[in-house]
Protein chains: 2
Amino acid sequence: MNLKQLAAHLGLSQTTVSRALNGYPEVSEQTRIRVAEAARALNYSPNARAKGLATGRAMAIGHVIPISTQHEMVNPVFGDFIAGASEAYLKAGYDMTLSLSGDEDEADNYRRLKAKGHVDGIIVHGPKMADGRIPFLRGLDLPFVVHGRASELDIPYSWIDMNNTSAFKRATSFLLDLGHTRIALLNGLEFMDFAYRRRIGYEEALTDRGIAPDPALMRGEEMTEPFGYRAAAELLAAAHPPTAFLTSSLITAIGIRRAIHEAGLEMGRDVSVITHDDDLSYLANGRDMPIFTATRSSVREAGRLAAEMLLRHIAAPARDPETHLLEAQLIIGGSTGPAPKPT
Amino acid sequence: MNLKQLAAHLGLSQTTVSRALNGYPEVSEQTRIRVAEAARALNYSPNARAKGLATGRAMAIGHVIPISTQHEMVNPVFGDFIAGASEAYLKAGYDMTLSLSGDEDEADNYRRLKAKGHVDGIIVHGPKMADGRIPFLRGLDLPFVVHGRASELDIPYSWIDMNNTSAFKRATSFLLDLGHTRIALLNGLEFMDFAYRRRIGYEEALTDRGIAPDPALMRGEEMTEPFGYRAAAELLAAAHPPTAFLTSSLITAIGIRRAIHEAGLEMGRDVSVITHDDDLSYLANGRDMPIFTATRSSVREAGRLAAEMLLRHIAAPARDPETHLLEAQLIIGGSTGPAPKPT
DNA sequence: ATGGTCATCCGAAGCGCTTTGGAGGGCCGT
DNA sequence: ACGGCCCTCCAAAGCGCTTCGGATGACCAT
């Protein structure tokens, strides 16, 4: 069923039917109703490609998610981010197209995305500290919003980010207040911007208290359970073990917990753990009584906000870049406690 | 840069340029090269909407992922599945469009997807036992492949699935061989087809050995860490606790492990645990020495296969439904051991 | 010279929609 | 009765591409 057929069926012109369906004023209320009913009855829904061709708008947003070639890992945060974003898209009638791409051909990927006219805007995921995609996209005249920031770039662009630095600074201060002085940091890969910023927060809190950050206590890797386990096990077995861990992911925290138990220690009493918690739907950190003390910030919410931001930019392309900094909550769970008295 | 401009630039007709670019024979090798070079130099890439309109093909696959309204959870398996599928799409030049939808409006969603001409085929995620989407899609003349099956439906359709029943049957038998007789099942929600099939496998193994499945030992919920913890803690505190757990997700298994530790027991010695492991990139169950004994089947691989299957169907629409059953590996890790002697 | 065959190329229609620039008729005031 | 205005509708062009049905020569055999 297409417009022409629908128009013929109604004995009207395509023009009138199109206008009736799209809410233009120059059509009588009576025919508008007639058209709307026929459209529903005949299950008509306009062909998006034709509409896009005619209007020049794709009514779709592109999400390009980077899969680094070294470690073929899909960011677990992605699902929830998308879920949030799609709430916004649904309301606005936008679709979402996904493309995974290795880091080499990403620029090409974006260019093609634009040339093909597939999308009206792009959300950039997982920015690195000096992410080349951002200057590239700025030159492309395609609205985009970055989820995160690129610290080494000093050009304006729209982003939404969590305040990684302050979150980890507060978490570290909290541990310091509890008397911990040897605090390990099990971070994500340090070329990722969020990981860098989290380390800065951690180091700032330490130096503010006159404690020099100890490189031996800091690791940055892909945030898996085995990483948390291995790193924590090593550190706990060292001569001068940490009494607390700060980590970037719940999954890593779970590995840390395993190492703590295996060392015959108890989390929250002998060793404290704070993790960042993206509030993922399938990785709940307990609802009422959180298992882990955590800096929490909903990635789903970030997705929603990023999408809304992007849609605003598409509606008003002249608009200046917009930025949005989310503050994480520090929620207290059972994984932290006063530093044990030195024996 | 569009075809017309490119053709003008080359002093050729649109027809010839289009044919040169698409590999038709009626154009000399010499001009073909000239066209190809100009296209690259001028960064030309055909507008997908126009191309789609003209050819009637969208060159895109739709993934509709259900978000149940009760529990707004994104299946954590999704990211890896998509990653696998996109490998196949990339090779074939297909795009991927995503739409999340609550369970009520899903039919409408599919109809719209088709009417809008956005996609050439659909992958159906998370089928329920009597999933209404399958008969609906069959009537829609849109190729689709289901990731999983709908046990209560007796109509032909293409699917790819893991052999849930045999995997859980083998896992249960393995535990029985180790001397366990009270084996708890912490499953996913039972209206989900995979969960149903897993329970069947578990029950079959038990009854084969003359053990009546005990409803008190079986739970089916959203597979979160807290679910695993809570259920395991309750069961372990009961009068006649299980000596082994079988569960559908690594995340739940982690909760079970926590409960075991808190009960002062040791996993693999006092209590055995087997989990299903989707081999997710961010949830590695240890590489060399798996933490958990597990039935493993890569969901990423399933994604790749599903996509390839769908593309075959799009290429040859008359083709009969195709099905593919993957067998899970039973991999032995440190979480299982002989049943403790009754005291 | 003529007709036929190939190898190359081109014009124009058509995909399903939006949108510009009218057309037709009812109703008003005069 | 007539011009003018508004309300409602329509024809046709155009979005960027593919593809059908030729057109144009070059070349060969007759």
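Letters A, B, ... are given to chains in the order of the sequence lines, protein chains preceding strands, and every chain is numbered from 1. This one's a predicted model, so the numbers in the text were calculated from it and none came from an experiment.
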Do A:His313 and A:Ser158 get their side chains close enough for a donor-acceptor pair, meaning under 3.5 Å?
yes
Before accepting this row, confirm whether a basic side-chain N of the pair A:Glu29/A:Arg32 lies closer than 4.0 Å to the acidic partner's carboxylate O.
yes
Does a nitrogen or oxygen in the side chain of B:Thr31 sit under 4.0 Å from OP1 or OP2 of C:dC9?
yes
A:Thr15 near the nucleic acid: base, sugar-phosphate alone, or nothing, with a heavy-atom cut-off under 4.0 Å?
base
A:Leu12 CG to D:dA11 C1': how many Å, rounded?
14 Å
Calculate the interatomic distance between B:Tyr24 atom OH and D:dC20 atom C1'; express it in whole Å.
11 Å
Respond yes when some side-chain nitrogen or oxygen of A:Thr55 is under 4.0 Å from OP1 or OP2 of D:dC15, and no when none is.
no
Short side-chain N/O contact to C:dT18 OP1/OP2 from A:Asn22, under 4.0 Å:
yes
Want to settle it: does B:Leu53 or B:Gly11 sit nearer the 5' end of DNA chain C, counting the closest nucleotide to each?
B:Gly11
Can you tell me the distance, in whole Å, between the CD atom of B:Glu26 and the P atom of D:dC20?
10 Å
For C:dC17 and A:Tyr44 - does any side-chain N or O of the residue sit under 4.0 Å from the phosphate oxygens OP1/OP2?
yes
Quick check: closest heavy atoms across B:Tyr110 and B:Leu140, and the distance to 0.1 Å?
O-CD2, 3.9 Å
D:dG16 OP1/OP2 closer than 4.0 Å to side-chain N/O of B:Asn2
yes
Using a cut-off of strictly less than 4.0 Å, decide whether A:Ser13 has a side-chain nitrogen or oxygen near OP1 or OP2 of D:dC10.
yes
Distance below 4.0 Å between B:Ser18 side-chain N/O and D:dC17 OP1 or OP2
no
Just the rounded figure in Å: distance from C1' of D:dG14 to CG of B:Leu3.
16 Å
Rounding to an integer number of Å, can you tell me how far A:Arg19 CZ sits from C:dT20 P?
8 Å
Can you tell me how far C1' of D:dG14 sits from CD of A:Gln14, to the nearest Å?
13 Å
Quiz question: by atom type and distance under 3.5 Å, do the side chains of B:Ser18 and B:Thr15 form a donor-acceptor pair?
no
Figure out the CZ/P separation between A:Arg32 and D:dT8, and round it to whole Å.
10 Å
Electrostatic pair B:Arg300:B:Glu87 at N-O distance under 4.0 angstrom
yes
According to a strict under-4.0 Å criterion, is A:Lys4 in side-chain N/O contact with OP1 or OP2 of C:dC17?
no
Taking NZ from A:Lys51 and C1' from C:dT19, how many angstroms apart are they, rounded to a whole number?
13 Å
